[in-house]
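When a ligand or atom number is given, it counts from 1 through the structure's own listing order.
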Amino acid sequence: MNASTHDVVVFGATSFVGRILSRYLVQRFGAGGELKWVAAGRSKARLEELRRELGPGAAQLPLVVADAADEASLRALVKQARVVVSTVGPYALHGEPLVKVCAETGTDYCDLTGEVQWIRRMIDRYEATAKASGARIVHCCGFDSIPSDLGVHFLQREALRRFGQPCVNVKMRVRAMRGGFSGGTVASLMNVVKETAADPALRRELQNPYSLCSESSRPRTRQPAVKSAEFDADFGAWTAPFVMSAINTRIVQRSHALLGQPWGAGFTYDEAVLTGRGLKGRLAATGMSAGLTGFMLTGALAPTRWLLERFVLPAPGEGPSLKDQENGFFDLRFHGKTADGRSLRTRVTGDRDPGYGSTGKMLGEAAACLALDIGRPQPPGGFWTPATLFGDRLIERLTASAGLAFEVLGD
Ligand SMILES: NC(=O)c1ccc[n+]([C@@H]2O[C@H](COP(=O)([O-])OP(=O)(O)OC[C@H]3O[C@@H](n4cnc5c(N)ncnc54)[C@H](OP(=O)(O)O)[C@@H]3O)[C@@H](O)[C@H]2O)c1
């Protein structure tokens, strides 16, 4: 562990989501309050502009310049604080040197990646190093995958309290959601589509619902997945595929594996979007499924991908307006069943645009949790998930300060 006097360094403070995170940290902690943090990025001028935008409360905010591709500058960066938060994405293009340096130096790290193929690579390359150095690495600390991962953690905790047993089947359904996409998210998604289109072995690995579990902790249970319009009797409504399920389901399965499979080797988990009842719900589910398939196919072919990136999708640095971030929200419903057929319904809601207004707050609280609530030397170093490293401590922070609610609805 380094001896820095700061708690957190935000690398990528000038990215679209980094600016939201920085605003949140200033409002919540000031520049040198309970959480002492540093803003970092590749451009001194952009960092100074950000500090001016953040107002008088940030006048004393320390700034550090580092480049994601320059390992020496990253080694100097991680000396600034005990925890590094990164929003520099696409992570598959820019993220590896920082994970390597954190794993080697025993520096705790969290980020916003939702890129399964990159997380798999990082675990394969740096898990042993992080275990040896004591670095706790936690990917997916935004809308993907905190609400899903902590949502299942919350439901299972309640199932154990009520029934004395866990739920063996859990579903998450997006009941309602309003939000947008930023250029960084689109670039990350496009890069996943590009990498998988070029590599059939990678495509096969990513289709495996246990792709983020170690080889020795992959059960044989077939996982359900909503791939087209389907009626869901548990919710009495039609469902369509949910784009984030590709990462969220993998993180939930990794949490289960890291915990030693307390919900049983037959545990299943899947995610989908609720589109309503009757013909209207069916048509909406069919339209949404076709739209998602079309988007993936368009993104997989180089010429159409170029057209999408050039003319349709937001560019890096762009994203939903402040008004849209504030008017956004999400409402996720969970339904679990125990082995003897008892059921439990819970929900997780958030008060801002899921990917930005709310993600900035989730990432800020995850970083604060890592810096202020998680002790040393336990839990040990390695690649954790939000539920396994933070669990209830992060739920408390998110409900107290970040506009999230975790509620039991009944059976
Ligand atoms: N998990 C979630 O729910 C969630 C939600 C939102 C976003 N995300 C992910 O978060 C990431 C950021 O998204 P965004 O929209 O904020 O992206 P963005 O605005 O495009 O920002 C990318 C950032 O990377 C920085 N950067 C690029 N190359 C660099 C280098 N060589 N050295 C240092 N910095 C470099 C850029 O610096 P400059 O500022 O100097 O240009 C910028 O700050 C994406 O991967 C996205 O998928 C995840």
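Side chain of Thr87 to backbone of Gly12: a donor-acceptor contact under 3.5 angstrom is found. Judged purely by atom type and a 3.5 angstrom limit, Thr359 uses its side chain to pair as donor or acceptor with the backbone of Phe143. Checking side-chain atoms of Asp331 against main-chain N and O of Ala176 turns up no donor-acceptor pair under 3.5 Å. At least one donor-acceptor pair closer than 3.5 Å links the side chain of Ser133 to the backbone N or O of Ala103. With hydrogens and angles disregarded, no donor-acceptor distance shorter than 3.5 Å links the side chain of Tyr91 to the backbone of Glu115.
Counting protein heavy atoms only, atom 2 (C) of ligand 1 is closest to Asp144 OD1, 3.2 Å. Counting protein heavy atoms only, atom 31 (N) of ligand 1 is closest to Asp67 OD1, 3.1 Å. Distance from atom 19 (O) of ligand 1 to its nearest protein heavy atom, with residue and atom name: Phe16 N, 2.9 Å. Scanning the protein heavy atoms around atom 7 (C) of ligand 1, the nearest turns out to be Thr185 OG1, 3.2 Å. Here the heavy atom of the protein found nearest to atom 21 (O) of ligand 1 is Ser15 CB, 3.0 Å. In this structure, atom 36 (C) of ligand 1 lies nearest to the protein heavy atom Arg42 NH2, 3.7 Å. In terms of protein heavy-atom proximity, atom 13 (O) of ligand 1 is nearest to Gly184 CA, 3.7 Å. Scanning the protein for heavy atoms near atom 48 (C) of ligand 1, the closest one is Leu112 O, 3.1 Å.
Gly114 does not count as a contact of ligand 1, since none of its heavy atoms falls under 4.0 Å from the ligand. Contact analysis puts Gly355 in contact with ligand 1, with a non-hydrogen atom separation below 4.0 angstrom.
The heavy atom nearest to atom 22 (C) of ligand 1, out of those in Gly41, Gly12, Pro147, Gly89, is found in Gly89. Taking only non-hydrogen atoms, the option from Ala66, Ser43, Ser188 nearest to atom 45 (O) of ligand 1 is Ser188. Around atom 34 (N) of ligand 1, the closest heavy atom drawn from Thr14, Val88, Ile20 belongs to Val88.
Ligand 1 places these atoms under 4.0 Å from at least one heavy atom of Val17: 16 (O). Which parts of ligand 1 touch Phe11 is read off a 4.0 Å heavy-atom cut-off, strictly below it: atoms 33 (C). The distance from ligand 1 to the heavy atoms of Ser182 drops below 4.0 Å at these ligand atoms: 14 (P), 15 (O). Heavy-atom proximity to Ala68, at under 4.0 Å, picks out these atoms of ligand 1: 30 (C), 31 (N), 32 (N), 33 (C). Each of the atoms 18 (P), 19 (O), 20 (O) of ligand 1 lies under 4.0 Å from some heavy atom of Gly317.
For the residue pair Ser86/Asp111, the side-chain donor-acceptor check at 3.5 Å is not satisfied.
Of the options Arg220, His256, Arg254, Gln223, a side-chain hydrogen bond (donor to acceptor under 3.5 Å, both in side chains) to Tyr210 is made by Gln223 and by none of the others. Screening Arg250, Arg121, Arg218 for a salt bridge (charged side-chain N to carboxylate O under 4.0 Å, His left out) involving Glu205 leaves a single residue, Arg218.
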Do Phe406 and Arg157 pass the side-chain contact (heavy atoms from CB on, under 4.5 Å) test, and can you show the C-alpha distance, the side-chain angles, and the key distance before you say yes or no? CA-CA 12 Å; Phe406 293 74; Arg157 191 184 72 189; over 6 Å; no

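Ring planes of Phe383 and His139: tilted class, angle from 30 to 60°.
The distance criterion of under 3.5 Å between nitrogen or oxygen atoms is not met by Gly183 with respect to ligand 1. The shortest N or O to N or O distance between Phe143 and ligand 1 is below 3.5 Å. Backbone and side-chain nitrogen or oxygen atoms of Pro90 are examined, and none is located within less than 3.5 angstrom of a nitrogen or oxygen of ligand 1. Considering backbone and side-chain N/O of Tyr356, none are found under 3.5 Å from N/O of ligand 1.
When the shell of 6.0 Å around CZ of Phe181 is examined, it contains 12 or fewer heavy atoms from other residues, nucleotides or ligands.
Ion pairing between Arg120 and Asp124 holds under the 4.0 Å rule for side-chain N and carboxylate O. Salt bridge status for Lys361 with Asp351: present, with a side-chain N to carboxylate O gap under 4.0 Å.
At a heavy-atom cutoff of 4.0 Å, ligand 1 is contacted by the backbone of Thr87 but not by its side chain. At a heavy-atom cutoff of 4.0 Å, ligand 1 is contacted by no atom of Glu318, backbone or side chain.
Between Val101 and Thr107 there is no side-chain heavy-atom pair separated by less than 4.5 Å.
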